[in-house]
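Here the structure comes first, spelled out in structure tokens, and everything after it is commentary.
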Amino acid sequence: MPGQHLPRGEHRVKTIAGELAYFVRGRARQNLKVLVLYCVFLLAVILLNALTFRFLMLHLEGREFTLIASVYWTITVMTTLGFGDITFHTDPGYLFASFVTLSGVVFLLILLPFGMVSLFLAPWIENRLRYRPTKGVAPATRGHVVICGLDPVTRALVSKLKARNIPFVVVTDKYEEALRLEEEDGMRVSYGNPADAEVLLKLQVGGARAVIANLNDTDNTNIILTVRSLCRTPLIALVDEPEHAEFLRLAGADQVIPLKKLLGHYLATRATTQGALAHVLDSIGKLLVAELPVHGTPFSGQSLAAAGIRERTGLAVVGMWERGAFTIPGPETILADRAVIVVVGTREHLEELERLTGEKTEEDLVLILGHGRIGCSAATFLDRRPVPFILVDRAVNPLCSEHVAVIGDATARSVLQGASIGEAKGLIVTTNDDGANIFLTLASRHLNPHIRIVSRANREENVDQLYAAGADFVVSNASVGANILMNILEHKESVFLTEGMQVFRFPVPPSMHGTTLRTSRLRSRTGSTVIALEQPGEKEMTILPSPDDLLVKGMSLIMIGSPEQEAFCRRELH
Ligand code: ADP
Ligand code: ZN
């Protein structure tokens, strides 16, 4: 804040002036008026008492006092000081003196302090102690990420940013939220409307690494327009309605992420036992990364070596999922029926695999519980393959005119059975309520032990519970969203497999030009494995290269490893 940069003395004067200014503003000003009136009243009482004293002394005791002496007497009696240098000697005089003492106690010793405390001191202390949200960041801040809208996705991103020491600030125009985040979570928060240019300027948006717009589509549009009117800072927007993506781009967003649509695809990809091409997760150059359930393939129960996937299709098996645990399989690893293998290869390789495993469109049937945006996107994805599916939702989705859903509460056994849970091969559990998702996973596993269950976790902390409830695969909104955002922020192309494992591209460093994979000792130096070599110009790929393959200039390595290993490669290998 600017105040922090003032010289100390000047700062203090400003502070005191600020505190005094408090008393002439707003309610304090009203109270000040009351105090002035009360003082006038007190003066009147003192004067009245003094005049009465003078009159009584003269007429009862024949002594005459000046007005000053009378006021002096009144004040010493009213304040209960009572020096005793001037006293009455008659009963009416004593009575009057007692009355003056009592009026002093009431008006001066009780009402005045009470009024001072309740009208001034208490409100002032309250004002001092009240939380005043931070507005903006220090003027020298650069390279920070400005996050508009905190939800599980951006919370997961915040953890990643903290881990990488990338500065960030969360902007909110909700006072209560700002208070909660700053006090409870120790989050770096700024209070203000992110669509307001002044607020953005205080956030040093011009020097920011990126702005992430994660409110609803209309508010995001406002933010984007305002940021663009100020600077060229990269703008990333998460969009609810994929059709709105175009508008956000028009407004000036550099990247628009239709997260719900992507999540629907991820869920659908993992729910069918269809041909390999239905399972493509993502691509890196020409290389496609697919997650394929072993169930329904001829490889079920065989070892990786015996399955011969590489020899028969050219695909590399780079990972295996079993109930939430990710491993890198060796030749002896058994491909369990309920496991999901991660394969990488070109489209041709995947087509080869599809020929081998055959298309099983007819026998496939997927049940989708929850027809929100994510469920709807999963349905659209299946429709395109085409895989038959049944949607269940409590209510009609007003945004979708394409699909017809069974209407009913999926937590009711009759509804699940009516939607053929007994016959379905796959199940996608995608309501917006994790409690319901956990319950539905458990109930479905009970009703159909062989069904392939893919569940959505709205909150990261429920992933384990969903696996425990019997899910074969859990897709976490927060993880997926945060990883997409992180990849964009770090300008890198990589495919997220699981927390701590990803496929990334890395150009062969000059020091390795002309060496072979064996002599480069890439694996022992970095810990990550090279799964493919991309020839210059992306014309060709060598999948699972041999140790004798030569590394040349312009070639890229496609590697599998942790984000830390990737960071190590980028930092250490030149
Ligand atoms: P998203 O857009 O993220 O998918 P929504 O809130 O739009 O999230 O969608 C969740 C859907 O799940 C809603 O359509 C809701 O009606 C549905 N849903 C939630 N609980 C149940 C339930 N117990 N049975 C059936 N549908 C449910
Ligand atoms: Zn739909």
Side-chain angles (χ1 to χ4, degrees), residues 149-156 214-218 220 237-245 257-271 366-421 424 427-447 453-460 462-463 465-466 469 471 474-482 484:
L150 199 65
D151 65 354
V153 172
T154 34
R155 265 182 194 278
N214 184 33
L215 297 166
N216 61 49
D217 294 351
T218 41
N220 284 347
L238 287 127
V239 66
D240 283 333
E241 279 295 326
E243 300 94 88
H244 292 166
I257 307 166
L259 186 58
K260 298 208 163 181
K261 185 174 159 190
L262 291 174
L263 287 165
H265 288 187
Y266 286 165
L267 288 164
T269 298
R270 283 137 174 168
V366 176
L367 193 57
I368 306 174
L369 307 181
H371 185 205
R373 289 200 176 94
I374 299 180
C376 187
S377 150
T380 308
F381 184 88
L382 293 177
D383 224 3
R384 239 184 274 139
R385 280 298 294 172
V387 175
F389 61 87
I390 298 174
L391 274 163
V392 179
D393 200 295
R394 268 200 301 239
V396 175
N397 182 341
L399 300 168
C400 172
S401 51
E402 226 177 292
H403 311 121
V404 184
V406 174
I407 300 300
D409 189 330
T411 53
R413 179 191 272 250
S414 57
V415 172
L416 279 183
Q417 278 168 339
S420 353
I421 183 104
L427 171 71
I428 298 176
V429 184
T430 173
T431 81
N432 50 346
D433 173 358
D434 279 352
N437 289 350
I438 293 169
F439 178 84
L440 289 170
T441 302
L442 196 79
S444 310
R445 177 58 74 221
H446 178 70
L447 292 172
I453 305 180
V454 185
S455 306
R456 145 187 176 191
N458 297 293
R459 293 173 153 276
E460 197 62 35
N462 294 321
V463 169
Q465 263 162 299
L466 283 163
V474 179
V475 174
S476 152
N477 295 9
S479 276
V480 171
I484 294 174

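Numbering of ligands and ligand atoms starts at 1, following listing order. Residue numbers count from 1 along this sequence.
Tested against Ile368 for a side-chain contact (heavy atoms from CB on, under 4.5 Å), the candidates Val454, Leu382, Leu267 yield a single pass: Leu382.
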message: Val463 vs Leu466, test: side-chain contact (heavy atoms from CB on, under 4.5 Å). Steps then yes/no.
response: CA-CA 5 Å; Val463 169; Leu466 283 163; 5.9 Å; no

- request: Report the C-alpha separation of His244 and Thr218 in whole Å, then their side-chain angles, then the decisive distance to 0.1 Å, and conclude whether the side-chain contact (heavy atoms from CB on, under 4.5 Å) test is met.
  value: CA-CA 9 Å; His244 292 166; Thr218 41; over 6 Å; no

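Residues Thr441 and Arg445 fail the side-chain proximity criterion, which asks for heavy atoms closer than 4.5 Å.
Only protein N, O or S atoms were considered, and those under 2.8 Å from the Zn ion (ligand 2) are His371 NE2, Cys376 SG, Cys400 SG, His403 ND1.
In summary, the side chains of Thr154 and Asp151 do present a donor paired with an acceptor at a separation below 3.5 Å, with no hydrogens or angles considered.
A cation-pi arrangement, defined by a distance under 6.0 Å to the six-membered ring centre and an angle within 45 degrees of its axis, is present between Arg270 and Tyr266.
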Mind listing the side-chain donor-acceptor pairs of residues 257-265 below 3.5 Å, one per line with the distance, residues two or more places apart or on another chain?
none

Find all protein N or O atoms under 3.5 angstrom from an N or O atom of ligand 1 and list the pairs with distances, or write 'none'.
| unit_1 | atom_1 | unit_2 | atom_2 | d |
| --- | --- | --- | --- | --- |
| ligand 1 | 2 (O) | Lys260 | NZ | 3.3 |
| ligand 1 | 2 (O) | Arg373 | N | 2.9 |
| ligand 1 | 3 (O) | Lys260 | NZ | 2.8 |
| ligand 1 | 3 (O) | Arg456 | NH2 | 2.7 |
| ligand 1 | 4 (O) | Arg373 | N | 3.2 |
| ligand 1 | 4 (O) | Ile374 | N | 3.1 |
| ligand 1 | 4 (O) | Arg456 | NH1 | 3.0 |
| ligand 1 | 6 (O) | Asn432 | ND2 | 2.8 |
| ligand 1 | 14 (O) | Asp393 | OD1 | 3.3 |
| ligand 1 | 14 (O) | Asp393 | OD2 | 2.7 |
| ligand 1 | 16 (O) | Asp393 | OD1 | 2.6 |
| ligand 1 | 20 (N) | Arg394 | NH2 | 3.3 |
| ligand 1 | 23 (N) | Asp409 | OD1 | 2.9 |
| ligand 1 | 24 (N) | Ala410 | N | 2.9 |
| ligand 1 | 26 (N) | Arg394 | N | 3.2 |

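Remark: Ala478 pairs with Pro152, Ala156, Glu460, Ser476 by the side-chain contact (heavy atoms from CB on, under 4.5 Å) rule, at least two apart or across chains.
No side-chain donor-acceptor contact under 3.5 Å links Asp217 to the backbone of Val239.
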